[in-house]
Amino acid sequence: MLDGLRFDRLFINGEWVEPLDGGVRGSIDPATGESWGDVAYGGTADIDRAVEAARAAFEGPWRTMPGHERAALLRKFADLYASQVEPLAQIETRDNGRAIRESRGDIGLHTQYYHWFASLSDKLSGRTIPIDDSVHAFTTREPAGVVGTITPWNVPLMAAAWKLGPALAAGCTVVLKPAEQTPASSLALARIFEEAGFPPGVVNVVPGDGPSAGAHLVAHPGVDKIAFTGEGATAKTILKTGADTLKRFSFELGGKAPHIIFADADVDQAVNAATNSAWTLCGQSCALGSRVLVERPIYDRVVEAFRERAAKVRVGMPLEAETHMGPQAHKEQLEKTLSYIALGREEGADLITGGARIETAGLASGYFVQPTVFAQVTPEMRIAQDEIFGPVAGLIPFDGEDEAVAIANGTPYGLTAGLWTRDAGRAHRVSRRIEAGMVWVNTYRFIRWSTPYGGMKASGWGRENGIEALDSYLETKTTVISTTGQFPDAYAK
Ligand code: ADP
C-alpha cells in the first residue's frame, strides 16, 4: 500500500493535491545531511482548504455517524496500520534518524492505540443528574469539532496516534500538520486512512512550516481545538495566536525528568533503565530521564556503570539493524546538543565519557553525537535545568528522600519521573511527593494507550491516552427538561 507512495502531494479532502502556496522541497536525512526526496509543504491557502474540508466532513457524515460505525472504520485502519509497520518504520527512520530497531518497536505498538480508542467510540455516554421530580437533568458528550493537530519531529507517528485516536473516536475531524523536519510518515498515515475508507475530509494531512502553515492553522476561525506537542516556547506563541478565537488547547510540552536511584534499589536493573532512558531516541524525547539522581552510597558505582554502558552503544546508520542509536534528527538539534555539552564543561560538571560529534568515516556528514555522561552535576546547573534533547545524561548525587524530592521538583517541568527502591513505603511516599504527570517505580517509560500521560507545571495542559484523553476532544452539554412544563409568570402580581 505504501509502495511507490510519493510525498510531493498534500492529502486534503480525500485527494492528493499539489500545494497552492507552499511548495515542494527536499527533506533531509539526518544520517547523511542530504535530501532523501521531495516533500510537499502547504502554505496558508492549503491550510484554508484543509480546514474547509474538515469542517464540511464534520458537519456532514462524521459528527452524526453512529459511534459503532466510527469504531469499525478506526479498527479497519488499525489493522491496515499493523500490516504497514515495516514501511512506516523505514519512512520515519529516514526522516528523523531514529534507529530502525526502536522505530519498529514503537510503531508496532501504535495499532493498539487506535484499536483502544476505536473501542471507546460508542461509549461516550453522559450521566443523569438527580435533582427533584420537576426536572430530568442529564449530560451528553459532543465532539469538539475540527481539530488542528501539530506534531513534533522526534516521534511523528506516535504523536499522531495519541491525537488522532481520541479525536476520531470522539467524532472530531482533523487537520494534521507534522513538523517541517519530518513530514513523510504523516503522509504515509494519510494513505492508510484513505485505504481504510474514511470519508473525505475527516483526516487531512498538510506538512508545512510552523510559523506560516502552523500559525495559520492555530489562528483559523474554522478550527475549534489545537492539540500540540512540542516546545513550551512554541506553546506560548500558539496561545497568543489562538487567543482571538478562544479555541481549546491541549499541550504536551517538554520535560527534564528525574530518574531517582536509591541505594536500596536493584542497581543493575536501575542502570539498565537509566542508561536506556538517556540514549533512546538519541535523547530526543521529553519523557527521558536526563537527570539521573543517585543516592551517594552507590554514586560511584552508577557513574562507572554509565561509563561502561556508553562504550557498548553502537552508534551508526539508523536503517541498519544492529544500530542502537542514530543521529540527532536535524542540524539545529545537533548544534544545540553540542552547545549544552560545552556549557556543561564550563559549568564544572565532570565529563565522564563522550562529549563530541562523531567524525568517523561514513558518519561525518550526518548529525551523530557520542553517548555522553556528565558526573558531579549539581541541580542548579543549566545542563540539569534545561531540556537538552540530546544523548546527554547528567548524574546528580543526593542524600536521602527529602533531598531527592527537592531536586526532582526543582525545575519548571513536571512531565515524567522514575524512582528505584525496594522499600514499598518509600515508593508510595516519594511518588506522591513528586510533581509529575507520570511516575514510574522500578521501571521506566512504560507508556500504553490506557495510561493517561501529560504534564504538570510547564510540561503541558491536559492528558493524552487513557479515558482522560477523550475529555479534550469532547464538549459536555447539560440538558434540563421539565417534567411539568410549568413556568410561573414572574409579572402576574
Ligand atoms: P522544536 O523546537 O523541538 O522543533 P517546536 O515546538 O518548534 O519544536 O515544533 C513542534 C511543532 O510546532 C512543529 O510541527 C512545528 O512546525 C510547529 N510550530 C512551530 N512554530 C509554530 C507556530 N508559531 N505556530 C504553530 N505551530 C508551530
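Order of listing sets the numbers, starting from 1, for every ligand and every atom in it. Heads up: numbering here begins at 1 and tracks the sequence. In this text, all values refer to a predicted model and were calculated from it rather than measured experimentally.
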Checking the N or O distance criterion of under 3.5 Å, is ligand 1 in contact with Glu180? yes
Could you tell me, atom by atom, which parts of ligand 1 come under 4.0 Å of a heavy atom of Ile238? 24 (N), 25 (C), 26 (N)
For ligand 1, is any non-hydrogen atom under 4.0 Å from Thr151's backbone (N, CA, C, O), its side chain (CB onward), both, or neither? backbone
Quick one: look up the protein heavy atom nearest atom 25 (C) of ligand 1 and list residue, atom name and how far away it is. Gly214 C, 3.3 Å
Taking 4.0 angstrom as the limit, do Arg141 and Asp471 come out as a salt bridge? yes
Describe, in one word, how the ring planes of Trp449 and Tyr113 are oriented to each other, choosing from parallel (under 30°), tilted (30 to 60°) and perpendicular (over 60°). perpendicular
Of all heavy-atom pairs between Trp116 and Ser450, which one has the smallest distance, and what is that distance? CZ2-CB, 3.7 Å
Under-4.0 Å protein heavy-atom contact, atom 5 (P) of ligand 1: yes
If the condition is side chain to side chain donor-acceptor pair (under 3.5 Å), which residues does Asp29 pass it with, not counting sequence neighbours? none
Tell me, which protein residue and heavy-atom name are nearest atom 12 (O) of ligand 1, and how many Å apart are they? Phe228 CE1, 3.2 Å
Pull out every atom of ligand 1 sitting under 4.0 Å from any heavy atom of Gly230, numbered as shown with elements. 6 (O)
Quick check: does Glu231 get an N/O under 3.5 Å from an N/O on ligand 1? yes
Do me a favour and list the nearest non-hydrogen protein atom to atom 22 (C) of ligand 1 with residue, atom name and distance? Gly210 O, 3.4 Å
Value for CG (Asp209) from OH (Tyr41), rounded to nearest 0.5 Å, stands at 7.5 Å
Shortest non-hydrogen contact from Ala184 to Ile91? CB-CG2, 3.6 Å
Using a plain distance cutoff, I'd like to know if Trp153 has any nitrogen or oxygen under 3.5 Å from a nitrogen or oxygen of ligand 1. yes
Please state which protein non-hydrogen atom is closest to atom 20 (N) of ligand 1 and give its distance, to 0.1 Å? Thr234 CG2, 3.4 Å
N/O to N/O below 3.5 Å, does that happen between His330 and ligand 1? no
Find the distance between NE2 (His324) and CH2 (Trp279) and round it off to the nearest 0.5 Å. 11.5 Å
Classify the ring geometry of His330 against Trp153: parallel below 30°, tilted from 30° to 60°, perpendicular beyond 60°. perpendicular
Enumerated ligand 1 atoms positioned under 4.0 Å from heavy atoms of Ala179: 13 (C), 14 (O)
Taking the inter-plane angle between the rings of Phe198 and Trp62 on a 0 to 90° scale, is it parallel (under 30°), tilted (30 to 60°) or perpendicular (over 60°)? tilted
Is the contact between Phe389 and ligand 1 made by the side chain, the backbone, both, or neither, using heavy atoms and a 4.0 Å cut-off? neither
Tell me: protein heavy atom nearest atom 10 (C) of ligand 1, and distance? Thr229 O, 3.7 Å
Any idea how Phe11 and Trp16 line up, ring-wise: parallel (<30°), tilted (30 to 60°), or perpendicular (>60°)? tilted
Nearest protein heavy atom with distance in Å, relative to atom 17 (C) of ligand 1: Ile150 CG2, 3.6 Å
